[in-house]
Amino acid sequence: MGMEKLIADLLATSPIGIAVLDSQLRYVHINHQLADSNGLSPEAHIGRTPRDVLPEAGPGLEAIMHQVMASGLAECNFEASAEIPPGSGCITYWNASYHPRFDKQGEPCGIIAMVEDISLKKRAELAIRVSNERIRKVLDALFTFVGVLSSEGVLLEANRAPLEQAGLELADVQGKLFWECYWWDHDPLVQSELQQAIARAASGETVRYDVVVRMKNDSRMIIDFMLRPLHDENGAISNLIASGIDITDRKQNELALQISETYFREVVESTPDGLMMVDQHGIIRLINTRMEQLFGYSRRELVGEKLSSLLPDDFRATHNSYVTQFFTAPSARGMANRKPLFAQRRDGSQFPCEIGLNPMQVGEEVLTLACISDVSERYYAKLELEKALQEKTVLLGEVHHRVKNNLQVISSLLSLQSRNATAEVNKALLDSQNHVRSMALIHQLLYERNDFSRIPMSVYVERLIHLLRDVSTGYGNHIAFSFQREGEEAYLELQNSIPFGLILNEIVVNACKHAFRPGRPGKVAIQMRSAASVVLQIRDDGQGCPPGVSLGHASTLGFQLLPMLSEQLKATLTLETAPDQGCCFTLTIPDLIRE
């Protein structure tokens with residue numbers, strides 16, 4: 001009965017599906033995880049074979065099981081799938097491992113199946129693949145040159161336009177340092193300038209300049225080149241976005257303008273963006289053909305009208321005040337600080353755009369040249385990118401959730417082992433459980449807060465004390481815990497949270513085990529102060545440490561580990577103790593993140 005109970009407990013607490021089959025491939029044991037994945041109750045499996053339960057996939061699975069029993073060798077980590085329930089169109093995917101069972105004579109007598117339902121993972125991978133393909137199509141449709149770099153300057157992606165212009169395939173440049181690619185390697189000075197620009201962008205700066213690049217048949221093209229840092233949800237720079245627009249014709253026209261003003265109209269009309277000249281009252285003085293195409297108005301209809309007529313109704317009321325503020329202190333402004341701005345066409349439809357403003361003195365009048373770019377494709381591509389990022393965030397949350405579950409399984413196994421252990425072994429297992437729980441709590445908080453970079457220190461201390469309060473009675477004493485925080489909140493990064501949790505766990509558990517005489521109630525008080533550094537004090541009112549006991553030189557493993565864990569935190573740990581006056585540990589941690 002003890003072994004049957006142990007098997008039943010293991011099946012019930014396992015995070016993956018487990019089944020035991022006899023030599024006739026009939027189910028003997030199966031847990032809820034696998035039964036639910038198969039679409040039936042555990043009771044409905046007992047005595048039946050896989051082909052009875054899964055008519056479509058069962059024969060193939062049984063063939064693998066027969067092979068495992070015949071060879072005596074396990075078949076691990078293979079994928080299987082079936083339509084559950086049949087005819088529903090919903091496919092369930094598994095990652096399975098089959099291990100042979102042996103009788104007392106060493107002969108195969110059945111199968112132990114370990115199966116993980118990976119349907120959610122498969123669907124998430126499909127969704128991300130579809131999203132990435134959609135983004136690729138959008139980028140390839142852009143006439144503008146667009147590339148995605150790592151923060152070190154390695155080219156990860158490029159759209160079709162720059163590749164076709166240079167007669168290249170993506171494989172020719174993907175994975176190479178950007179300044180070593182075909183477009184730039186015609187001139188060492190151009191390569192050096194680009195390398196410096198990448199370093200500036202990697203530090204958070206947006207870099208933009210005109211540059212000559214090499215194209216097909218060793219031809220040259222002048223592009224308006226820009227590098228922008230791309231930040232993740234935590235504000236860290238994850239990638240660099242390179243973009244370029246062919247401005248060869250524009251540059252040539254600008255050179256011609258230095259000879260004669262007669263070419264001004266040609267420059268205005270040849271630009272791919274909408275251009276208009278606006279006076280200090282917001283009246284449109286001049287537009288180009290691209291403006292007519294963008295908004296659906298003729299030149300005659302727009303010149304002399306207010307700029308606000310091109311804006312949605314709910315924005316026109318505040319636009320006049322913006323015009324007044326701008327002409328009070330006119331200065332060049334690039335693309336509305338990258339904030340989304342919507343313009344309105346003649347038919348009432350709206351589109352996202354970017355507007356750059358450049359004031360200029362014409363005689364005694366200050367006019368503003370406004371450059372309007374339709375960024376519809378980029379705007380909606382960004383929405384798709386944000387959606388894909390959200391999906392990946394959900395997957396990361398699932399990873400922390402699974403790690404927490406696995407640690408809880410380890411804790412449950414230690415609890416099972418302690419049932420039949422001696423008192424001394426039972427206390428050792430209880431210590432191990434506490435260590436595992438302190439680590440599992442970190443992943444639980446990361447999952448609950450949906451912030452995978454840090455956890456609030458005070459929340460972690462309170463939750464860990466709550467766990468330790470529940471197990472303190474296992475050491476034979478009634479102990480009261482208290483916690484106080486002074487100052488602003490401090491945060492633990494993921495790499496610091498494990499050693500911090502183990503230090504706090506070791507000190508508090510050591511107090512529960514050794515600080516108080518048997519049967520005597522005690523108190524453990526924890527205080528956190530946050531200023532230039534974070535100071536954590538753990539004080540008990542017990543009998544104090546025996547003579548000669550100090551950090552790093554004690555006979556207990558815990559006291560030997562505390563200095564090493566403190567060093568991982570780059571923190572200092574001190575101990576003050578006196579007979580019958582208890583112990584006071586002081587942990588000082590510099591350079592923690594604070595609100």
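The model shown is predicted, which means the values in this text are computed figures rather than measured ones.
- Here the CD1-CD1 distance, from Ile16 to Ile118, works out to 12.0 Å after rounding to the nearest 0.5 Å.
- Side-chain contact check for Glu152 and Ser150: at least one donor-acceptor pair (N or O, by modelled atom type) lies under 3.5 Å.
- One finds the CG atom of Leu155 at 11.0 Å from the CG atom of Leu240 (value rounded to the nearest 0.5 Å).
- Among all heavy-atom pairs drawn from Gln350 and Pro312, the shortest one is NE2-CB, 3.6 Å.
- Using a distance-only test at 3.5 Å, with no hydrogens or angles considered, no donor-acceptor pair links the side chain of Ser373 to the main chain of Glu354.
- Remark: the backbone N or O of Arg485 is not paired with any side-chain donor or acceptor of Gln527 at under 3.5 angstrom.
- Considering every non-hydrogen atom in both Cys181 and Val173, the closest pair reads SG-CB, 3.8 Å.
- Asn239 contributes a side-chain N or O that, together with a main-chain N or O of Leu149, makes up a donor-acceptor pair within less than 3.5 Å.
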Side chain to side chain contact (heavy atoms under 4.5 Å, CB included) between Phe351 and Arg345, intermediate numbers included: CA-CA 8 Å; Phe351 65 95; Arg345 301 184 181 93; 3.4 Å; yes

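- Counting only distance, with no hydrogens or angles, the side chain of Ser566 and the backbone of Leu562 share a donor-acceptor pair below 3.5 Å.
- Applying the side-chain contact (heavy atoms from CB on, under 4.5 Å) criterion to Arg285, with sequence neighbours excluded, gives Met277, Asp279, Glu365, Leu367.
- For the pair Phe145/Met221, a side-chain contact is recorded, criterion being any heavy-atom separation below 4.5 Å from C-beta on.
- Judged by distance alone, the side chain of Trp183 and the main-chain N or O of Leu163 form no donor-acceptor pair under 3.5 Å.
- Proximity of Asn358 to Thr368: side-chain heavy atoms (C-beta onward) are nowhere separated by under 4.5 Å.
- The distance from atom CD1 of Ile284 to atom OG of Ser309, rounded to the nearest 0.5 Å, is 5.0 Å.
- The backbone N or O of Tyr93 sits nowhere less than 3.5 Å from a side-chain atom of Lys121 that would complete a donor-acceptor pair.
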Candidate pair Phe225 and Tyr209, rule ring-ring contact (aromatic ring centres under 6.0 Å, His included), full reasoning: CA-CA 5 Å; Phe225 178 70; Tyr209 61 98; 5.7 Å; yes

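- Checked for salt-bridge contact, Lys122 and Glu79 meet the test: a charged N lies under 4.0 Å from a carboxylate O.
- Of the possible polar contacts, one joining the Gln174 side chain to the Leu156 backbone as a donor-acceptor pair under 3.5 Å is found.
- Between Glu301 and Ser298, the side chains place a donor N or O and an acceptor N or O closer than 3.5 Å (distance only, hydrogens not considered).
- The CZ atom of Arg160 lies 13.0 Å from the CD atom of Gln165; values are rounded to the nearest 0.5 Å.
- Considering only heavy atoms from C-beta on, Ile287 stays 4.5 Å or farther from Leu275 through its side chain.
- Annotation: Lys570, atom NZ; neighbour count of heavy atoms from other residues, nucleotides and ligands within 6.0 Å does not exceed 12.
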Stepwise side chain to side chain contact (heavy atoms under 4.5 Å, CB included) test for Leu302 and Leu310: CA-CA 9 Å; Leu302 277 183; Leu310 302 178; 3.7 Å; yes

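- Heavy-atom contacts from other residues, nucleotides or ligands closer than 6.0 Å to CG of Asp347 number more than 12.
- With sequence neighbours left out, the side-chain contact (heavy atoms from CB on, under 4.5 Å) criterion links Thr588 to Ser533, Val535, Thr572, Thr586.
- Under the 3.5 Å distance criterion, with hydrogens and angles disregarded, a donor-acceptor pair is assigned to the side chains of Ser376 and Asp374.
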Verdict with supporting geometry, Asp246 and Thr248, side-chain hydrogen bond (donor to acceptor under 3.5 Å, both in side chains): CA-CA 6 Å; Asp246 179 7; Thr248 305; 2.8 Å; yes

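- In this structure, Asp187 contributes its side chain and Leu189 its backbone to a donor-acceptor pair below 3.5 Å.
- At a threshold of 4.5 Å between non-hydrogen side-chain atoms, the residues Phe78 and Trp94 do not count as touching.
- Looking at every heavy atom in both residues, Ile91 comes nearest to Ser81 through CG2-CB, 3.9 Å.
- The two residues Ala490 and Val534 come nearest to each other via the heavy atoms CB-CG2, 3.6 Å.
- Residues Met528 and Glu489 have side chains in contact (heavy-atom distance under 4.5 Å, counting atoms from C-beta outward).
- Here the straight-line distance linking atom CG of Leu170 with atom CG of Asn159 works out to 10.0 Å at 0.5 Å rounding.
- In this structure, the salt bridge (Lys or Arg N to Asp or Glu O under 4.0 Å) partners of Asp185, at least two apart in sequence or on a different chain, are Arg214.
- Within the 4.5 Å cutoff, the side chain of Met291 has heavy atoms near those of the Ile372 side chain.
- Under the 4.0 Å criterion applied to side-chain N and carboxylate O atoms, Arg208 and Asp210 are not assigned as salt-bridge partners.
- For Gln293, the CD atom counts as densely surrounded, since its 6.0 Å shell holds more than 12 non-hydrogen atoms of other residues, nucleotides or ligands.
- Shown here are the ring-ring contact (aromatic ring centres under 6.0 Å, His included) partners of Trp179, two or more places apart in sequence or in another chain: there are none.
- Closest approach of Pro229 to Ala201, counting heavy atoms only: CB-O, 3.5 Å.
- With His186 contributing its side chain and Val212 its backbone, the two residues share a donor-acceptor pair below 3.5 Å.
- Qualifying ring-ring contact (aromatic ring centres under 6.0 Å, His included) partners for Phe483, counting only residues two or more places apart in sequence or in other chains: none.
- Residues Ile222 and Val211 have side chains not in contact (no heavy-atom distance under 4.5 Å, counting atoms from C-beta outward).
- Atom CD1 of residue Ile223 and atom CD1 of residue Ile245 lie 9.5 Å apart, to the nearest 0.5 angstrom.
- Taking 4.5 Å as the limit, some side-chain heavy atom of Ile589 sits within range of a side-chain heavy atom of Phe500.
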Trace of the side chain to side chain contact (heavy atoms under 4.5 Å, CB included) decision for Leu504 with Ile538: CA-CA 8 Å; Leu504 181 58; Ile538 305 102; 4.0 Å; yes

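- The two atoms that bring Ala242 and Leu227 nearest to each other are CB-CD2, 3.7 Å, heavy atoms only.
- Scanning for salt bridge (Lys or Arg N to Asp or Glu O under 4.0 Å) contacts around Glu292 gives Arg299, with sequence neighbours left out.
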Residues Leu194, Ser192; criterion side chain to side chain contact (heavy atoms under 4.5 Å, CB included); working and verdict: CA-CA 5 Å; Leu194 176 60; Ser192 176; over 6 Å; no

